[in-house]
Amino acid sequence: MKKTRIKTFGILTALLLFFLGMLAAYGVGVYNDSEQYLTMHIHREPLYPLFLAFFRAIAGPETGLVLTAVMQNVLTASGIFFLIEYLGKKFDLGILGELVLLALELMPHLVTRYVSALGIFLENSIMSEALCIPLFHFFLLFTLRIIFEEKKSDVIYSLIFAYLLSMTRGQLMTTILIWLVVVVLKMLSGRQYKKLFWPVIVVLCVFGLRSLTVHIYNYFVTGYFMGNTYGQVNTLTNVIYACDREDGAVFEEGSLEREFFDRFMEEAYAVGANYRFAKDAPEGEAAYLEDHHDLLKFEVLEADMSAYFFSLGKVDYYQQSSMSDDMAGRMLRKLLPACFGQWLYDYLLLCRNGFIRSIAVVNRWINWVALAIYLAAAGLTAAVFRKNRQSMAVRVMGLAFLFIIANVCATSLTIMCLSRYMIYGFSLFYMAGFLLLLELGRQVGKRREDRLVQERTGLSKQDRL
């Protein structure tokens, strides 16, 4: 018991020293997106701006940011600690095994700071990812408890953290759907067929609650009972990128949508923000799209639509933002079928980079290594599953694959898969791989032990029984 307490204290202390040490070394990071959270911008989900506002109200504008960063680092250290402790006990890892998990948990933080183009330590930053990371660890903890345990409270806690994640960053609404998949599979394994409609109803209610909460928050902040805007403008950006000039024929001649489309295409061609320019790009088509997404979105679509709607007079920023999003939605519905083939091709390119960044960094040499790692993980999962269909490690890897696929496919619909959007599945994937290797090693050791016993006794295990 004393050794266990020493181990527990040592791991928690190491985590706190690492994260708070990085804060002391690099300080609080304020970036371009930070201002939108600080001003409770209409484009941003409510939870992180409220999180910031709470600490700034306590300690003042500047000190409040430092206090926020301290809390982000402490929460992340705590989330990692509880997850490692749970996996350590569940898989009987011992101190060395838990230290491996600790190293794997710290890896993505070091990658985003020292290897990726982002070059920042996320837990020091004033960005929503800094809160999403600890929330995601607690979501993982309770989701794994759903898989391995029978407590109904874990189902509730997991859903609460999925809801909080969705209120912090829209792309992580996928965690609500992952909760649904996990709960349904758990019910199917328990033959609870007649109750399968309940998780679906719960998820619909949670999405409804999320929408209502966002509307109420925006009403108190802006005076308008409305949801977050700009999502459809984001999606339209990659659709416009995939269009040809003749695709404007889907709009009625002389309509406002047609006028916007013609202007978008003219300006997109002028700055090279179109798929045709990417075909000869030396850095590759996916990199070209990623480099030009923000240029097309901010300097073409947003600039043109905001200028037009403001020119109408008596329109404030929130009305203009809502009008732009509504216009983007109307254009999307007509344009996407016209350019669907090229859009799908571009979407798959973004997904490819997303899958790579979920476990590595995008690089012409590393890309093939990432593919080999995925194939090895799939093969290892299949090998362990064949020997033990109840394998806990296989279930952890299944959850890792499920989240990575959902996160990549959802993010690629609206924007490029930057490392800070993909960081969540990084450690989970490698920890699952480590647990699979450990279980495979134990299986091999058990077979060797049985063979030695058989050689000594001259009897098979079945004969001895």
- Where do Pro199 and Met187 come nearest, in terms of heavy atoms and distance? CG-SD, 3.5 Å
- Item | Distance flag, aromatic centroids of Tyr275 and Tyr241, threshold under 6.0 Å | no
- Distance-minimising heavy-atom pair for Tyr318 and Met226: O-CE, 3.8 Å
- Across all chains, not counting sequence neighbours, the salt bridge (Lys or Arg N to Asp or Glu O under 4.0 Å) partners of Arg245 are none
- Ring centres under 6.0 angstrom apart (Tyr157, Phe142): yes
- Query: What is the minimum heavy-atom distance between Leu52 and Thr68, and which atoms define it?
  - Reply: CD2-CG2, 3.6 Å
- Taking the six-membered ring for Trp and the full ring for Phe, Tyr or His, determine whether the centres of Phe429 and Tyr374 are under 6.0 Å apart. yes
- Item | Cation-aromatic face contact Arg113/Tyr26, 6.0 Å, 45 degrees | yes
- Query: Taking the six-membered ring for Trp, are the ring centroids of Phe55 and Phe51 within less than 6.0 Å of each other?
  - Reply: yes
- Would you please name every residue forming a salt bridge (Lys or Arg N to Asp or Glu O under 4.0 Å) with Asp316, sequence neighbours left out? none
- Task: Decide whether Thr222 and Tyr317 meet the rule of one side-chain donor and one side-chain acceptor closer than 3.5 Å.
- Result: no
- Taking the six-membered ring for Trp, are Phe340 and Tyr347 ring centroids under 6.0 Å apart? no
- All heavy atoms of Leu350 vs all of Cys417, minimum pair found to be O-SG, 3.8 Å
- Query: Do the two ring centres, one from Phe18 and one from His109, sit under 6.0 Å apart?
  - Reply: no
- Please find out if less than 6.0 Å separates the ring center of Tyr37 from that of His41. no
- Between Phe148 and Phe91, what is the ring plane arrangement, given parallel below 30°, perpendicular above 60°, and tilted in between? perpendicular
